[in-house]
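Below is one structure, written out as structure tokens, with a few remarks after it.
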Amino acid sequence: MYHDLPSTASFWSFLFTIDQDLAEKTRKQGCPCGGRLHCANYPRQPRGDDDQLPKPQRIRLSFCCDRDGCRKRVTPPSVRFLGRKVYLGAIVILISAMRQGPSPRRVRELSRRFGADRRTIARWQVFWRERFPQTPFWKIARARLVSLAEIVALPYALVDAFLSRHRRCKGWTLLLRFLAPITIPGALRIEVSR
Ligand SMILES: [Zn+2]
């Protein structure tokens, strides 16, 4: 059973550097209109993260096109933020996965620590059970996980696929990278949480 995230601050900092790399790649590609992308990050205050995330990292990296008449916002994929909402992706995954496991007491502990109430967690469950499997991303990505004999319960099966083969920190990093394509605004067209 996977019952916690890597606890070190260096894990979150490491994820932030991955986000910076992903952002740089996006910036270099420029706007689809041919315009240049300028930095237009927006603040994020993830719930219950006070000691998890240093202040300078509480931003979603994002850009804005510099061309008049376009000014389109372009937001790169992220290994930290899932969807548009305030929880860190890893927390949404972990708590949802644990709901499918045998230790409700740990779920309560984690929920308290990250400030996620029952209704929020229930919404996450709906997301993993009903929405996520319908995404174009998953329909394709699923084939890349062929070594999984059967994917019975999401996201537990995903956590298991990555963490059973790697140490905790590496496993989480790989899993979050794997899911990064769905973090682009519009990729899901749903709200992960409120
Ligand atoms: Zn543009």
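Along the sequence shown, residues are numbered consecutively beginning with 1. Whatever order the structure lists them in is the order used to number ligands and atoms, beginning at 1. Computed over heavy atoms, backbone and side chain alike; hydrogens, waters and symmetry mates excluded.
You'll find the side chain of Gln134 stays beyond 4.5 Å of the side chain of Glu130, heavy atoms only. You'll find the side chain of Leu82 reaches within 4.5 Å of the side chain of Ile182, heavy atoms only.
Counted within 6.0 Å of CZ on Arg36, heavy atoms from surrounding residues, nucleotides or ligands total 12 or fewer; the atom is thus considered open. Counted within 6.0 Å of NZ on Lys55, heavy atoms from surrounding residues, nucleotides or ligands total 12 or fewer; the atom is thus considered open.
Residues forming a ring-ring contact (aromatic ring centres under 6.0 Å, His included) with Phe178 (at least two apart in sequence, or on another chain): Phe137, Phe162.
In summary, of the residues considered (Gln57, Arg60, Arg80), a side-chain hydrogen bond (donor to acceptor under 3.5 Å, both in side chains) with Asp19 occurs for Arg80 alone.
Protein N/O/S atoms closer than 2.8 Å to the Zn ion (ligand 1): Cys31 SG, Cys33 SG, Cys65 SG, Cys70 SG.
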